[in-house]
Every structure is written in C-alpha cells, then in structure tokens.
A.B. asks: 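Quick one: the structure is below, and I'll ask about it shortly.
Heads up: numbering here begins at 1 and tracks the sequence. Just so it is clear, the values below take in all heavy atoms, side chains as well, and ignore hydrogens, waters and symmetry mates. Atoms within each ligand, like the ligands themselves, are counted from 1 in listed order.
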Amino acid sequence: MLKEAADFIRRHQEFILISHISPDGDTLGSSLALSIALKNAGKKAEIVCGDPVPDLYLFLPGASSVRKPSEAEASDAVITVDCAALSRAGDGQMLFESAKETLCIDHHRTNAGFADVNFVRRASSAGELIVKLLNELGYPMNREIGICLYAAISTDTGNFAYSGTTPDTFRAMAEIVETGFDLPEANRILFRTVPLRKVRLTSLVLERMQLSRNNAVAVSYADQKDFAACGARGEDSEGIIDAMRDIDTVAAAAFLRECEDGSIRVSLRGKSHVDVSGIASAFDGGGHRLAAGCTLYMEMPEAVRVMTEALQAAYDGTET
Ligand SMILES: [Mn+2]
C-alpha cells in the first residue's frame, strides 16, 4: 500500500489533491503538506475543496490558494486526502472520475478503498500517513510542511488526547518538530484563540443552563435571536456541549441550537454510565453511547422540556 502510493507519486508529474467537504485541520494540513513536498520535488500540485477553507486554517502556508473543484483544470492524477468515502470529495468527484489514475490516502476504519491505489491504514490522522509517504519517497520536510502536518495531527487527535494517539503518532511528531516550525505559535492559533462572539454565545448558554437531579442533568439552548445578539454563527456553538459535560456534577447534558430553517439541532453527551444514544435514536438521530445528536421540529420551550425529561429518565435509569 505504502510502496504503491509512493510509485503513484513517482510516475506522475501533475496532481490534483482533494480535501474533503466541511474541511478540517487534518484534510487541509495533510493536503497542504503533500502539495508543498510535491512542488519542492519539481512536480505540480493543486488542492481543491468543495467548501471554503475555515478562517482558522488560513494561516497555513498555501491555504489561500485552495480552489473550488469547478475552478481547477482536470488532471491525470488525482489524490483524495482524508476522505472516508468518495462522497466526501463533494464536487471534486467530477475531477476524480475524469482522472486517468487515482490515489486514496486515508486513515478511517470504514474506508473500503475506492481509488485505483489505496494507501488506507489505521492511524491517528491522515497527517501521520503523509509523514510515512514522504519518508518512503525520500522527500525532505521543511518548516512549512512541518506546520501543516502539526495542524493535521494535533487537530485530529484532540491535541494528542484521543485514543487513536499512538507511539507512531509521536514518532511522526518527532520528525515534524525537527523541521523547526514555531510550535507554540501554531498551538496558540489552533487551540488558544477564540472569537469574542463565541465567548459571548458560550457565556449566554452557560448562564441560562438548567440543572436538575442534584446538578447531574444539564440542559441549555441558543435560538436565532441569541446568535444574532452575539454576532455568532452556527459554527460558534461548537464545543458548548462539551463545556457543559465537563462540569464535575454533570452526568448527562443536552444543548439545543435553533438552525436558520427553524429546526432544532440537539447535541447530547453522557458520562460513564449514562447512555444518551437511545434518546437520539428515539428522535431519528444517532451517535454513540456518550455522544449523540438528533434534530427536533418543534418550538424551543417544548424541545427543552422534551430533552430535559428524556435526560432525567436516562439518568434515573442508572440510579436504580
Ligand atoms: Mn482525519
């Protein structure tokens, strides 16, 4: 797999790299790192993405030159980066299908291998696989590649905290740190910078949080008026549910967010013995035991009541 991927790179001169839709740090950082390495090796590479690059990642070298798939010229060699399925390529699928030869670089367990050549392996991140690929090719890393790969691996591992973080992850990081990129600065940008509007929204939601069952059940919400009052967007509510879950007394939490179409997106979190996946599936949602979600079509006060009762029932079930 790794050798075939390296041969794929060797036998082509021009590449299109596809970052997945709703791009994250891993798909962007990995694509940018690979494209810089290819250019340093005298090849041509262009990155496309079906969605715009989030502001947070625009500090990465080359991020502002990521283009829409419709703006790119077709290429013989197309590489998907961090795409668990071809559908994740979005509009980039057109470029993938018109390519002479395709390569898939991915670390998701569910990836069945949809390209001609598949470098698909369990790893913390696609970034970790890019390090292996560059080593196999004998392509050197520089600071620019280093900062991109750091962004890829650190964001996909929750800053080296998730279970997918392995000794191999740190071996890859050792090589990345050796490039001499500014780690504290990259860390500050990626993990220690919060837009003021997001702080305002978070404090509003935490302030109105309703606690019950001896502070074990937490429920709160933000409606469209709240978003407007804070100047916040939907993405700014990311992480609020985790702030609720992290409270020491809380065993089950729900955060309800009114979307622009009036529907209510519910994020659910449980802790150790409280399973919230059943609540999500009862409302046509899904997820895991400790992290799940669903969408409700009702007024906010009713939605808050319904979710509070469901969480209390799930919590009571663990008490007896
Ligand atoms: Mn990834």
A.B. asks: Is His107 close enough to the Mn ion (ligand 1) that one of its N, O or S atoms comes in under 2.8 Å?
C.D. replies: yes
A.B. asks: Indicate if the distance from the Mn ion (ligand 1) to the nearest N, O or S atom of Asp24 falls below 2.8 Å.
C.D. replies: no
A.B. asks: Quick one about Ser212 and Gln312 (side-chain donor to acceptor, distance below 3.5 Å, no hydrogens or angles considered), yes or no?
C.D. replies: yes
A.B. asks: May I have the angle between Asp156 OD2 and Asp82 OD1 with its vertex at the Mn ion (ligand 1), rounded to 10°?
C.D. replies: 170°
A.B. asks: Return the name of the atom in Asp26, of element N, O or S, nearest to the Mn ion (ligand 1).
C.D. replies: OD2
A.B. asks: Could you check Phe181 against Tyr150 for ring-ring contact (aromatic ring centres under 6.0 Å, His included), going step by step and ending with a plain yes or no?
C.D. replies: CA-CA 9 Å; Phe181 80 94; Tyr150 169 73; 5.2 Å; yes
A.B. asks: Below 30° counts as parallel, above 60° as perpendicular, anything between as tilted: where do the rings of Phe8 and His12 land?
C.D. replies: tilted
A.B. asks: Check this for me: Glu309, atom CD, are more than 12 non-hydrogen atoms of other residues, nucleotides or ligands nearer than 6.0 Å?
C.D. replies: yes
